[in-house]
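Ligands are counted one by one from 1 in listed order, and the atoms in each one are counted from 1 as well.
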Amino acid sequence: MESYSKLLLQNKAWAAEMKQDDPHFFERLAKDQTPAFLWIGCSDSRVPANEITGTFPGEIFVHRNIANLVVKDDINLLSVLEYAVVHLKVQHVIVCGHYGCGGVKAALTDKSYGILDPWLKNIKNIIAENQEELQNISDVEEQCNRLVELSVKKQVYNLSLTDTLRKVWGEENRPRLHGWVYSLKDGLLKQIHEVQPPLAAKEPGQAADV
Ligand code: CO
């Protein structure tokens with residue numbers, strides 16, 4: 001059997017099982033989606049938003065890119081953010097990085113990755129901003145993992161500067177921003193950063209390390 005045929009077969013089995021557990025599941029979801037969360041994660045195949053959070057289709061609106069970056073002129077991400085926050089009215093935006101991230105590792109080298117280089121430059125900028133701290137970590141894996149955390153925090157900050165959040169935060173007490181890191185080694189998520197809505201004040205969100 002071709003490898004992709006297995007996916008189609010498994011899909012049939014999955015749909016049948018879902019229907020058996022909840023006969024109206026698809027009927028209900030087909031009408032509307034009301035997710036409470038927007039997930040901005042890494043494209044890495046080992047970090048699927050629904051599976052690792054034990055959630056079902058319909059619960060999380062998802063955007064994934066290499067190394068879960070929030071880049072201010074990325075029209076793809078900005079569109080997803082606007083749609084999720086303004087139209088779907090999500091309560092929480094989660095930026096989820098993961099230890100051992102290939103994109104972050106690549107940014108720590110001097111190697112050229114061709115078309116990926118401009119994207120990785122965003123991580124290289126974070127390295128430059130935190131050079132002193134990172135240089136003091138001698139273990140390569142530890143250095144990468146610290147950079148993963150610093151990057152997640154930076155992406156949450158970048159989110160707080162977007163027009164979408166400025167606009168919604170000026171009117172509503174949502175969404176809350178979260179920075180999480182996932183460990184490939186034990187499957188656990190860790191909360192590292194959080195930004196509360198500024199309660200309709202025209203100031204940036206209140207940040208806190210958690
Ligand atoms: Co990654």
Using a distance-only test with no angle check, is there a side-chain donor-acceptor pair under 3.5 angstrom linking [X] and [Y]?
| X | Y | answer |
| --- | --- | --- |
| H92 | H178 | yes |
| Q131 | E133 | no |
| T53 | T55 | yes |
| N158 | K154 | no |
| Y99 | E141 | no |

- For the pair D44 and R64, find out whether any cationic side-chain nitrogen is under 4.0 Å from an anionic carboxylate oxygen. no
- Message: Less than 2.8 Å away from the Co ion (ligand 1), how many protein N/O/S atoms can be counted, ignoring water?
- Response: 3
